[in-house]
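The next block holds one structure in the form of structure tokens; read it before the comments.
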Amino acid sequence: MPPGQRGILILWFENSLLVSHNAGQLVSPIQVQQGGQTLYPSIYGANITIHNIAANENELAVLTREDNLYYGSLGVLSNSIIKFADQQIWSEGAALMFTGTGMLDILTPLLDANFSAFDFQKCSVNIQAILMDPQLQVEKCKVMVSNPHSLGLQANFFEEKVTYNWNIKYRLEIYLKQQHLWGRTDPNFTSSLKRPTTSTLTVDVANKEISCIDNKPLSTLISIGCDLDKKIVVQKKISACSKGILDPVALQDNYSYVIEKEFYNPTFHRVKTDLVVKYPYQELGCPHLVYYNTPWKPVVELWREGRFQEVVEAEYVVREAYGQVAYTYSLTAGSALCVSQPQNWTTMEDSRRGRKRFFWNRENYVSCHDPNSNAPLQWPNVEYQILGGPTANQIIFKQRNGIYIFFLSIVDPYYSYCHLSTVFSIYVYGAYPLPIVPPQFTIFLLVTSILLSVWLAYTIPNFLRTERGRRIKTFWSDLCWGCKELCRCHRGRS
Ligand SMILES: *[C@@H]1O[C@H](CO)[C@@H](O)[C@H](O)[C@H]1NC(C)=O
Ligand SMILES: *[C@@H]1O[C@H](CO)[C@@H](O)[C@H](O)[C@H]1NC(C)=O
Ligand SMILES: *[C@@H]1O[C@H](CO)[C@@H](O)[C@H](O)[C@H]1NC(C)=O
Ligand SMILES: *[C@@H]1O[C@H](CO)[C@@H](O)[C@H](O)[C@H]1NC(C)=O
Ligand SMILES: *[C@@H]1O[C@H](CO)[C@@H](O)[C@H](O)[C@H]1NC(C)=O
């Protein structure tokens with residue numbers, strides 16, 4: 001039955017009639033009443049044999065072999081039936097059905113004498129009219145619409161001071177009783193914080209008279225979960241095109257770029273050569289400009305229904321789409337003040353063996369600032385790969401100019417019930433191209449030439465003092481003198 005998607009369970013047999021409003025957790029017998037008094041606490045004592053029943057959201061009709069019709073209401077708190085006046089309505093094939101609130105049809109099949117078929121005799125019962133009969137001693141419905149009552153739901157925010165960095169987290173717990181349908185809900189009945197949940201809430205008037213046919217219990221479905229209108233966007237204040245570093249026309253024209261093999265994760269691609277990547281301009285537009293020499297992290301914005309909401313301060317992770325590894329993180333597990341071993345892309349990949357897929361999100365994220373006996377902090381020197389949140393972690397690029405395409409996923413389970421993720425591109429510039437000659441060689445050359453000149457400065461004066469040195473010196477000064485003469489002659493002639 002539809003109300004609250006939870007239905008009413010009715011269990012019946014010839015001399016037993018039980019009802020449950022919560023899928024069988026609590027099952028109660030239906031009482032037989034007369035004039036506001038309980039005649040029998042259950043059908044069993046009433047010495048009747050049930051032939052057939054019919055029910056809707058809040059009404060119940062029972063036809064017995066003793067040729068009696070019973071009628072009752074299915075309230076959340078009380079369930080009872082009363083006996084209507086005797087009438088010739090029972091037959092072996094008789095059936096009941098509600099056609100509307102307070103409208104009951106009793107159908108009796110009649111064999112057609114001329115065809116091998118059945119006709120139906122239909123007896124329509126207007127319950128409200130019958131209940132007016134003073135013989136039944138049914139009290140008038142006294143439920144009045146007075147001042148509307150508002151119904152509050154208790155939603156508690158717990159302020160939780162995280163000792164690290166004076167950060168305050170808010171926990172939300174909603175006290176709504178959940179149905180234990182099919183064992184899929186929490187054993188503790190309260191909504192879970194990490195997983196989206198749904199609850200139903202049913203409102204009924206307590207102890208109302210059986211004549212209150214039109215005062216049905218009202219049900220509503222409450223869903224605690226992701227608001228699908230939310231999405232995240234990475235701020236792009238300066239694009240590489242507006243600064244004239246990349247040409248938007250060239251980018252749109254099937255632009256592709258090369259990732260040298262030393263700059264991508266070797267486990268990421270089977271081919272171990274430089275990678276040629278086509279730039280998806282349609283999806284990503286012009287890349288955001290980032291200077292290589294400055295630590296950087298993306299500024300993530302939350303948007304809802306096309307409107308900016310806030311800058312996201314929650315924890316998130318990024319990963320280069322083509323496995324580029326030309327960057328590191330400014331913090332390590334130790335300097336991020338982790339108390340347990342932080343997760344990283346390697347461990348998150350291993351947990352899904354065989355398939356190299358990005359799988360790090362709010363459901364499998366475990367903060368390293370929470371004590372975790374399964375993963376004590378063993379290697380404080382590993383990279384801390386989580387950005388945002390309480391730490392000042394940033395990305396440090398290696399000396400390489402080029403395009404990076406990043407996948408970004410918000411992992412903080414308390415930020416949103418949605419799996420917020422996005423893809424964006426940046427262009428890292430300002431890195432000088434790496435020298436062709438290795439720096440060690442340059443240093444070697446420099447040191448060698450210095451040593452050589454020192455050695456020459458020492459040996460040349462010593463050499464000139466020797467006999468051979470003196471002869472060479474004379475030869476050079478003669479040559480010099482000859483030169484001077486030649487010049488003078490030349491000048492005199494002109
Ligand atoms: C139950 O009903 C039968 C016939 O309908 C009757 O003979 C019997 O006496 C009744 N028993 C009680 C306890 O009322
Ligand atoms: C059966 O058919 C006969 C003759 O065609 C007709 O007179 C009679 O009324 C029919 N009976 C019923 C129950 O329809
Ligand atoms: C229900 O919650 C209480 C307190 O939060 C906890 O001690 C208990 O183990 C929980 N029961 C189950 C079945 O999860
Ligand atoms: C881009 O490449 C596709 C196929 O790879 C081709 O069909 C298309 O014409 C190219 N566009 C331009 C502008 O070169
Ligand atoms: C990821 O974490 C594991 C331990 O949890 C560590 O052994 C490994 O070196 C880390 N990887 C990187 C790239 O930091």
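FYI, side chains are in, hydrogens and waters are out, and symmetry mates aren't considered; it's all heavy atoms of this structure. One-based numbering, in listed order, for ligands and for the atoms of each.
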Notebook entry, point to check: Would you find more than 12 non-hydrogen atoms of other residues, nucleotides or ligands less than 6.0 Å from Q282 atom CD?
Noted result: no
Item checked: Modelled atom types, side-chain donor and acceptor of Y427 and S239, under 3.5 Å -> no
Next item on the list: With rounding to the nearest 0.5 Å, note down the distance linking CD1 in I259 to OH in Y264.
Entry: 8.5 Å
Checklist line | Ring-face cation contact, Y404 with R400, 6.0 Å cut, 45° max | finding: yes
Note to self: With a 4.0 Å heavy-atom cut-off, what residues sit around ligand 5?
What the structure shows: Q341, N344, T346, T347, W379, V382, E383, Q385
Check: For the residue pair Y291 and Y429, does the interplanar ring angle fall in the parallel (under 30°), tilted (30 to 60°) or perpendicular (over 60°) class?
Finding: perpendicular
Notebook entry, point to check: Distance-only, no hydrogens or angles: does the Y316 side chain make a donor-acceptor pair with backbone N or O of P298 under 3.5 Å?
Noted result: yes
